[in-house]
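Once you've had a glance at the structure underneath, I'll fire off some questions.
Letters go in sequence order (proteins before strands), and every chain restarts at 1. The structure displayed is predicted, hence computed values, not measured ones.
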Amino acid sequence: MMKGLKKWRLFSLLAVMTVFLSACGEDYITTLKPTGAVGKEQFNLLLFSIAIMALVTIVVSVLYLYAFMKARRSKLGEDYMPKQVEGSHTLEVIWTVIPIVLLLILAVPTLISTYKLADVRAMDEVDEEGNKTALTVNVTAKLYWWEFEYPEQGIVTAQELVVPTGEKVYFNLKAADVKHSFWIPAVGGKMDTNVENVNKFYLQFDEESEGLEQGVFYGKCAELCGPSHALMDFKVKVLDRDGFDNWVAAMQATEGQTASADSADVGEQTFANSCLMCHAVSGVGTTGAMGPNLTTFGDRNRVAGVLEHTKENLEQWIDDPETIKPGNLMTGKYGELSDEEISAVADYIMGLSIEE
Amino acid sequence: MEETKFTPQTWPDKPEQATMEGKNKFVGIWIFICSDITLFASVFATYLSLKDKGPAGMGAEFTAANLFELPLAFIMTMLLLTSSLTSVYAMYHLKNHNFKGVQIWMGITVLLGLGFLALEIYEFYHYVHIGFGYTHSAFSSAFFTLVGTHGLHVVVGLVWIICLMVRNARRGLSLYNAPKYYAAAIFWHFIDVIWVFIFTVVYLMGVLG
Amino acid sequence: MSSAAVSNKKGFGATLWDYLTTVDHKKLGVMYLFAGTLFFAIAGFEALLMRLQLMIPNSDFVSAGTFNELLTMHGTTMLFLAATPLLFGFMNAIVPLQIGARDVAFPFLNSLGFWLFFLGAIFLHLSFFLGGAPDAGWTNYASLAIYSPGHGIDFYVLGLQISGAGTLISGINFIVTIITMRAPGMTFMRMPLFTWTSLISSALILFAFPPLTVGLFLMLVDRMFGANFFDHTMGGNTVIWEHLFWIFGHPEVYILVLPAFGLFSEIIPVFARKRLFGYSSMVFATILIGFLGFMVWAHHMFTTGLGATANAIFAVATMAIAVPTGMKVFNWIMTIWGGSVKVTVPMLYALGFIPSFVAGGVTGVMQAAAPLDYQLHDSYFIVAHFHYVIVGGIVTAIFGSMHFYWPIMFNRALSERLGVWTFWIFFIGFHCTFFIQHFLGLMGMPRRVFTYQANQGWDLFNFISSIGAILMAIGVILLVINIILSAKSKPLNCRDYWGDGRSLEWAIKTPVPFYNFKQTPLVRGYDPYWLEKHDGNEEGMIYAEPLGDIHMPNNSILPLIMSIGTFVAAFGALYHPDGDKPWAIPVLILGLAITVGAMIVRSVKDDHGFHVHVEEVIATEEELYGKGGNK
């Protein structure tokens, strides 16, 4: 059986599979068109393991079909009495050794990769001035939204992760309430956010998100976390290094920005009275807010992580969050707002932007 | 169904396994103990991972090093070890068809077990009294669960043996009840072995480091 | 008592009483089978609702909260309350016959195991009517479970605690039965593979269920009595739950799949008319799988953050399981090789099983590669994988064995014609549902989502998957119709229904009398009935003892009473944390008192069983089979 299997067959099999697999899914969410070193490594492991497993499946299926076709009683006659064979030591050895060899072949890249992807030592490296050399993002998963803190830059945002291309980005992952799991399928595998410890890992983003259909990569919560688990999406905006630096500077420039209850604008006034205790409008700060930071809301891709980014949807969300995200912690935190107030506050929030 | 009357001469060598039912009980109790070992292993693992863990600012007086007192635990250990020995005497008399011996030694086993239990209750009461209750911290929950699970086994063992002694007091030994005594005794040894581990892991390792 | 021959017409009340008190392994087997089928249907219906919800994006067919209840109850019910009892049904009905025993080692405990399982299952399902079902997934991860409001999780914890105790008791019972009750000559290496796998699977139950018991207990006291095991602000740690759950949870898969392997190892040789190839290596592989099954639990936690070394060790250990599993697959194929295969319904299921299970197995190996699992974990890929193993491996075994063993269990046969239809509809539906889900996972779809947005490229595949689920449902309905029709068919009154039976259970004429073999058979080799048949033995077997009085255990209502006690106590514990229900603790105590009281009654009252005298045995045989008895 094994003799006939030449190398070229394996390669052609691989090639066919690559084509087939990459035809699947949308760029911004599929794991089959990975856009970073981590995702690519995992994708290569996927192809490699599929190749081995397809080989096994084919060999078994051929043996099985052959055995069955030859042994049909309808062909052999009702009275045919097969030889009662006990077993065969040679065969036993063969089908023990070959799988072991195949598994060893799979185990080697698995082990190398496991250690490689867990290597976060660079997180603590500093240059001469004592600044960290690597970009670190502290991710806090909260019931149905995500908070992203950039400790070195002193800024914090929510729902939309912004990262530069071409370098390893390190993550500190933690959950504030129940366990979640941080997953950007098109960029690399997931890691859980536990409640009692910080998990660390890294991802690499090779492609700017500008050219994607939505202009962002999709991120998901991958661990059941309550009724709105399915809606706990976030987006990833990947910029080149200059774009990222500009974004950081713009965020830092919002220091001290706030909403005033004395404002002439009804929207800002309402925001200050009803929203500000949970939602900050300045990008400078640390993690630990009650609700998502809204400094860049106008620049975002979605309302509440899932709805299309329109004023109507925002109004609907403010009016009755519970129907949109069951079990969220925003419901009932602010009093009843009139339609005019909702409209005004929605205008105000849609206007929060750091992009010129 | 009439039961055969045995004398020490006609009494079989292994009375606990002389009947099919007896053999089943003998194998069954061992199998059950295998399972119970896994149960305790899980509780031990939980205890070890939660040892000394509590809310932020939990006082140092509520850590294993300061909380446990070896003399008391040592006395409890001695009581339980001795009770294991006395149950061996009971089994010796069981093999020799000496029912009175069985009852007396089992009785002493029960008394020692009750003594152990009384000390354990005192110990628990003491901890609760100084504020180290079940809900105090993860450590307290784990401690009471581990030692309490063992305590519950002791209670079950005692009730079991007492039931056997009362039930069979007037009937003497038979091949029907010999395996029951034997199974109870094996269970009692098992409880004792578990306590040795608790003494080592919780008390000795807790106090000494 | 003993003269009540089995086939006497009885009133409904008497029949009911008989089933409530029975300790007969065959009746308990039937009860397990029907209880399992009931819960299988319920859980299948839940799955259907979920697939209908996911048929189109942004659907509002079921709400988010309800969906989480459905997914939790589907998983929990299928594993604990459907697959386990269905396999226990076959183990109860068949294993004592296969080893030539009169009954199991502890008939009383056998009954207790069933009633604990059944009342635990009922208790869990009452949650639907009493304020909401559990909603934290069948894995019930601690942080979400502690956070979950209402009593749903409490129902999960208490219901599984009770039914888990039942499963453990049954497991112990099977181990002892297989060790001590084998007929003369039935050495370990002559035991049929189903008996072997039942033994190993029971051993896994023995070591796997206590960690679950502990985990559930910790969850119980955390939620109901203020303990702090999983509250990290009090020093607790939720990862402990993950470990305890998976130390149980992974072996649980083997607890289910090993008996399924055993069933196929019975079916394939009968319909290939050929001795099982490599019997001793099959036994060895079974033991090895059972052993390795305990070494791999953390592969469910690759993304939990245990560190590279832990992930590496568990990755390699997990891959190792593929080796003994592969041995089994090759042995089945070689059993077919050179045989004479008759394609009956049970054999159809076996033939469908081999490629489906291989597909499920290889995706398992892929997920063993930890870095790859970071992508696959908690996506639809894993959903596809474990359904390939569980439906492709275990459900096919159960359906196939229903057809295979129906003649022994009920003295009736299921319709082959309808069975073929069932098989193809179910089998096509199964692949249609789950094959496509591999790709959904790879395309980034997380599992356990109650809905999904359009434009993520998932719409078509989800639609196809839902169509498959409908086909599977139709298949199951056909099977139920087949079962109902069989009840009206003519009794078989025959021996060796399939004509090529090999092991002892086929040597006995149906209906099987309550004492099984009237004389204990003497086993002269592996496949004892085949040996005798081909040595020209007309009587079926040769016997190890002359016809004599048969000792049988008494029926008892106490197992049911003990189980009801735990059921009552569970309600007390459940409502205790409400605070406004002063009756909760008294009810808890009352329930425990009922259970302990029944236990004391049991131990104080002697139970010597009864004897069936020779004349009664002869009379029973003649009544069942006419003059000449079981010849």
Side-chain angles (χ1 to χ4, degrees), chain B residues 1-3 17 19-46 49-56 58 133-142 144-146 148-149 156 159-160 163-164 166-168 171 174 176-177 180 184, chain C residues 102 104-106 109 168-169 171-177 179-181 202-203 205-215 217-218 221-222 225-237 239-241 243-244 247-248 294 551 553 596 599-600 602-611:
Chain B
M1 171 183 158
E2 203 54 43
E3 277 184 41
Q17 296 184 63
T19 61
M20 191 70 211
E21 285 76 15
K23 204 173 163 200
N24 285 343
K25 280 200 175 65
F26 175 79
V27 178
I29 189 73
W30 277 110
I31 301 283
F32 168 77
I33 282 171
C34 290
S35 169
D36 227 18
I37 287 172
T38 332
L39 182 102
F40 274 106
S42 308
V43 188
F44 267 107
T46 308
S49 59
L50 294 178
K51 187 181 169 195
D52 294 343
K53 299 277 166 59
M58 182 175 81
Y134 191 59
T135 57
H136 170 268
S137 58
F139 175 46
S140 78
S141 300
F144 284 112
T145 300
L146 172 58
T149 306
V156 170
V159 171
W160 187 359
C163 275
L164 277 176
V166 173
R167 174 65 185 117
N168 296 306
R171 307 193 310 167
S174 68
Y176 178 72
N177 58 27
K180 295 180 178 223
Chain C
R102 295 241 174 268
V104 292
F106 306 109
L109 288 186
L168 182 60
I169 287 173
I172 293 176
N173 198 357
F174 280 116
I175 297 179
V176 179
T177 305
I179 291 178
T180 65
M181 309 274 285
S202 301
I205 289 176
L206 193 69
F207 295 110
F209 268 73
L212 176 72
T213 306
V214 171
F217 179 78
L218 304 186
V221 289
D222 253 27
F225 298 96
N228 302 303
F229 292 101
F230 305 122
D231 180 354
H232 67 105
T233 60
M234 297 297 279
N237 192 323
V239 180
I240 291 175
W241 169 270
H243 280 294
L244 288 175
I247 290 173
F248 149 77
F294 278 98
H551 181 223
V596 173
M599 284 163 78
I600 289 176
R602 167 71 184 168
S603 43
V604 168
K605 220 178 111 220
D606 282 1
D607 180 5
H608 290 289
F610 65 93
H611 279 85

- Contact class of Ile247(C) relative to chain B, heavy atoms under 4.5 angstrom: neither
- Verify, without hydrogens or angle tests, whether His551(C) (side chain) and His608(C) (backbone) share a donor-acceptor contact under 3.5 angstrom. yes
- Could you tell me which portion of Met599(C) (side chain, backbone, both or neither) has an atom closer than 4.5 angstrom to a non-hydrogen atom of chain B?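 The answer is neither part of Met599(C).
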- Taking Asn228(C) for the side chain and Gly236(C) for the main chain, is one N or O donor matched with an acceptor at less than 3.5 Å?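 Pair absent, no side-chain N/O of Asn228(C) close to backbone of Gly236(C).
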- Query: Of all of Gly133(B), Ser35(B), Gly28(B), Ala45(B), which one pairs up most often with chain C through heavy atoms under 4.5 Å apart?
  - Reply: Ser35(B)
- Query: Highest number of heavy-atom pairs under 4.5 Å with chain C: which of Thr135(B), Leu164(B), Val166(B)?
  - Reply: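 So the answer, after comparing Thr135(B), Leu164(B), Val166(B), is Thr135(B).
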- So which part of Leu50(B) gets closer than 4.5 Å to some heavy atom of chain C, the side chain, the backbone, both or neither?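 Just its side chain gets close to chain C.
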- Item | Heavy-atom proximity to chain C below 4.5 Å, by part of Met20(B) |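 Only the side chain of Met20(B) comes within 4.5 Å of chain C.
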- Task: Heavy atoms only, distances under 4.5 angstrom: which of Trp30(B), Tyr134(B), Trp160(B) has the most pairs with chain C? Name it, please.
- Result: Tyr134(B)
- Item | When Ile172(C), Leu168(C), Leu109(C) are compared by non-hydrogen pairs under 4.5 Å with chain B, the top option | Ile172(C)
- Task: Name all residues meeting the side-chain hydrogen bond (donor to acceptor under 3.5 Å, both in side chains) criterion together with Thr180(C); count only those two or more places apart in sequence or in a different chain, and write none if there are none.
- Result: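 For Thr180(C), the residues satisfying side-chain hydrogen bond (donor to acceptor under 3.5 Å, both in side chains) (neighbours in sequence not counted) are Asn24(B).
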- Query: For chain B, which of Asn173(C), Ile205(C), Val221(C) has the most heavy-atom pairs under 4.5 Å?
  - Reply: Val221(C)
- Side chains of Thr46(B) and Thr145(B) in contact at under 4.5 Å (non-hydrogen atoms): no
- Do Ile33(B) and Ile29(B) have side-chain heavy atoms sitting under 4.5 Å apart?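 Sidechains of Ile29(B) and Ile33(B): in contact.
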- Can you say whether Phe106(C) sits under 4.5 Å from chain B via the side chain, the backbone, both, or neither, judging by heavy atoms?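 Answer is side chain: those atoms of Phe106(C) sit under 4.5 Å from chain B.
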- With a 4.5 angstrom heavy-atom cut-off, could you sort out which part of Leu212(C) is near chain B: side chain, backbone, both or neither?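 It is neither, since no heavy atom gets under 4.5 Å.
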- Under 4.5 Å from a heavy atom of chain B, the part of Leu206(C) involved: both
- Going by heavy atoms in the side chains, are Phe229(C) and Ile240(C) under 4.5 Å from each other? no
- Message: Suppose we screen for side-chain hydrogen bond (donor to acceptor under 3.5 Å, both in side chains). Which residues come up paired with Thr233(C), at least two apart in sequence or across chains?
- Response: Asp231(C)
- Query: Just wondering, do Ser174(B) and Asn177(B) contact through their side chains at under 4.5 Å, heavy atoms?
  - Reply: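 Sidechains of Ser174(B) and Asn177(B): in contact.
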- Query: So what's closer than 4.5 Å to chain C heavy atoms on Ala56(B): side chain, backbone, both or neither?
  - Reply: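 Just its backbone gets close to chain C.
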- Val596(C) versus chain B, the contacting section by heavy-atom distance below 4.5 Å: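 Neither part, no heavy atoms under 4.5 Å.
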- Message: When you compare the side chain of Thr38(B) with that of Pro211(C), does any pair of heavy atoms fall below 4.5 Å?
- Response: yes
- Under 4.5 Å heavy-atom distance to chain B, tell me which part of Phe209(C) shows up: side chain, backbone, both or neither. neither
- Sidechain-backbone polar pair: Thr177(C) side chain, Ala105(C) backbone, donor-acceptor under 3.5 Å: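 Yes, the answer is positive, given that a donor and an acceptor are paired below the 3.5 Å cut-off.
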